[in-house]
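As the structure lists them, so they are numbered: ligands from 1, and atoms in each ligand from 1.
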Amino acid sequence: VKRALGPSDRLYPMPSPLVVAGTLESADTLAVAWIGIASATPPSVAMALRGTRHTLEHIRKQGDFTVNVPSTSLAPLVDYCGLVSGRDHDKFAETGLTLAASSAVTSPMIEECPYNMECRVTHEIEIGQYVLVIGEVVETHAEEAILDESGTRVDIEALDPLVYIAGLREYRALGRRVADAFSVGKTVVPKE
Ligand SMILES: Cc1cc2nc3c(=O)[nH]c(=O)nc-3n(C[C@H](O)[C@H](O)[C@H](O)COP(=O)(O)O)c2cc1C
């Protein structure tokens, strides 16, 4: 039996990267759970930012941003960046998170986050009090320690990405492996 829960912004689970925009000298960052891939060609991300976010001002000024995926050990620092605003805090000085130069965009990356995406803004769409910012991913970086033996793929266990659970307002780690994607479906025998 299903119970209707009404209109909701909850989807389970959500990622919780830190998005950075600005320059090496002056940047801001915030935690963003409402983010996902919007296209493969060209590779693009879409994220929903409340119009009042200070980081959004940097994104608009710079025309680019980075998406920085934290490991679970960074949960306290990610949460801090989601609790205070860059309007009255220097989140990098206060958390000790370090900025590193990107290679294709002006907005810097966070050194301590092992996986990073450099994005150039392509679209902005207003949705109520939110702005859907879409950016083309022009470069990605991974710490060598989180790459598998091929040297080109991220080892998800090593990345140990921070997961956010809406509603519960909890951070979690990934659970167990279930099956091979684009493969296990082939074991399904279509019903007549
Ligand atoms: C786990 C988590 C996820 C969040 N996700 C979003 C989000 O998707 N969009 C958004 O606008 N704010 C989100 N926030 C809130 C911002 O991170 C928060 O308001 C931040 O202080 C804004 O900083 P800024 O004003 O320096 O940009 C989230 C906060 C947390 C803790």
Side-chain angles (χ1 to χ4, degrees), residues 7-39 44-100 102 105-135 137 159-175:
S8 173
D9 55 20
R10 290 173 193 172
L11 177 64
Y12 307 98
M14 291 184 190
S16 54
L18 286 170
V19 168
V20 174
T23 63
L24 269 176
E25 293 71 38
S26 166
D28 193 13
T29 184
L30 83 171
V32 177
W34 298 357
I35 183 167
I37 295 296
S39 162
S44 303
V45 296
M47 62 178 168
L49 296 182
R50 203 176 169 95
T52 52
R53 302 300 185 227
H54 182 250
T55 308
L56 182 58
E57 294 174 21
H58 280 290
I59 292 173
R60 286 176 166 154
K61 189 165 159 201
Q62 223 54 65
D64 57 45
F65 60 91
T66 64
V67 178
N68 303 270
V69 177
S71 297
T72 56
S73 60
L74 288 175
L77 303 187
V78 171
D79 203 51
Y80 187 83
C81 293
L83 284 169
V84 303
S85 176
R87 270 196 195 87
D88 34 48
H89 290 264
D90 178 344
K91 299 188 203 178
F92 301 103
E94 291 166 14
T95 59
L97 287 170
T98 322
L99 290 174
S102 289
V105 303
T106 303
S107 294
M109 310 183 277
I110 295 179
E111 191 70 51
E112 290 79 1
C113 292
Y115 183 71
N116 321 82
M117 307 167 94
E118 300 186 26
C119 307
R120 208 166 276 141
V121 176
T122 54
H123 306 73
E124 242 197 48
I125 301 165
E126 239 176 80
I127 306 176
Q129 291 182 316
Y130 280 74
V131 181
L132 189 68
V133 179
I134 301 173
V137 184
L159 176 59
D160 184 27
L162 186 65
V163 173
Y164 175 67
I165 308 296
L168 293 177
R169 291 192 156 199
E170 257 178 22
Y171 294 106
R172 295 211 175 196
L174 286 182

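- Sorted by first then second residue, the salt bridge (Lys or Arg N to Asp or Glu O under 4.0 Å) pairs that include residues 117-133, not counting sequence neighbours, are Arg60-Glu124.
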Derivation and outcome, side chain to side chain contact (heavy atoms under 4.5 Å, CB included), residues Phe65 and Thr55: CA-CA 9 Å; Phe65 60 91; Thr55 308; over 6 Å; no
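- Residue pairs satisfying the salt bridge (Lys or Arg N to Asp or Glu O under 4.0 Å) criterion with at least one member in residues 79-98, sequence neighbours excluded, are listed as follows: Asp28-Lys91, Glu57-Arg87.
- Among Cys113, Pro108, Cys81, Pro17, the one residue that satisfies the side-chain contact (heavy atoms from CB on, under 4.5 Å) test with Thr29 is Cys81.
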List the atom pairs, with distances to 0.1 Å, where a side-chain N or O of residues 19-26 and a protein N or O form a donor-acceptor pair under 3.5 Å, not counting sequence neighbours.
unit_1: Thr23; atom_1: OG1; unit_2: Glu25; atom_2: N; d: 3.3
unit_1: Thr23; atom_1: OG1; unit_2: Ser26; atom_2: N; d: 3.0
unit_1: Thr23; atom_1: OG1; unit_2: Ser26; atom_2: O; d: 3.4

Under a 3.5 Å threshold, I'd like every N/O contact between ligand 1 and protein atoms, with atom names and distance.
unit_1: ligand 1; atom_1: 5 (N); unit_2: Ala31; atom_2: O; d: 3.3
unit_1: ligand 1; atom_1: 5 (N); unit_2: Ala33; atom_2: N; d: 3.0
unit_1: ligand 1; atom_1: 8 (O); unit_2: Ala33; atom_2: N; d: 3.2
unit_1: ligand 1; atom_1: 8 (O); unit_2: Trp34; atom_2: N; d: 2.9
unit_1: ligand 1; atom_1: 9 (N); unit_2: Ala48; atom_2: O; d: 2.9
unit_1: ligand 1; atom_1: 11 (O); unit_2: Arg50; atom_2: N; d: 2.8
unit_1: ligand 1; atom_1: 11 (O); unit_2: Arg53; atom_2: NE; d: 2.9
unit_1: ligand 1; atom_1: 12 (N); unit_2: Arg53; atom_2: NE; d: 3.1
unit_1: ligand 1; atom_1: 12 (N); unit_2: Arg53; atom_2: NH2; d: 3.1
unit_1: ligand 1; atom_1: 14 (N); unit_2: Ala31; atom_2: O; d: 3.3
unit_1: ligand 1; atom_1: 17 (O); unit_2: Ala31; atom_2: N; d: 3.3
unit_1: ligand 1; atom_1: 17 (O); unit_2: Ala31; atom_2: O; d: 2.9
unit_1: ligand 1; atom_1: 19 (O); unit_2: Arg53; atom_2: NE; d: 3.4
unit_1: ligand 1; atom_1: 19 (O); unit_2: Arg53; atom_2: NH1; d: 3.2
unit_1: ligand 1; atom_1: 21 (O); unit_2: Val84; atom_2: O; d: 2.7
unit_1: ligand 1; atom_1: 23 (O); unit_2: Lys91; atom_2: NZ; d: 2.9
unit_1: ligand 1; atom_1: 25 (O); unit_2: His54; atom_2: N; d: 3.0
unit_1: ligand 1; atom_1: 25 (O); unit_2: Ser85; atom_2: OG; d: 2.7
unit_1: ligand 1; atom_1: 26 (O); unit_2: Asp28; atom_2: OD1; d: 3.4
unit_1: ligand 1; atom_1: 26 (O); unit_2: Asp28; atom_2: OD2; d: 2.5
unit_1: ligand 1; atom_1: 26 (O); unit_2: Gly86; atom_2: N; d: 2.6
unit_1: ligand 1; atom_1: 26 (O); unit_2: Lys91; atom_2: NZ; d: 3.0
unit_1: ligand 1; atom_1: 27 (O); unit_2: His54; atom_2: N; d: 3.3
unit_1: ligand 1; atom_1: 27 (O); unit_2: Thr55; atom_2: N; d: 2.9
unit_1: ligand 1; atom_1: 27 (O); unit_2: Thr55; atom_2: OG1; d: 2.6

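- A donor-acceptor distance shorter than 3.5 angstrom exists from the side chain of Ser107 to the backbone of Asp64, with no hydrogens or angles considered.
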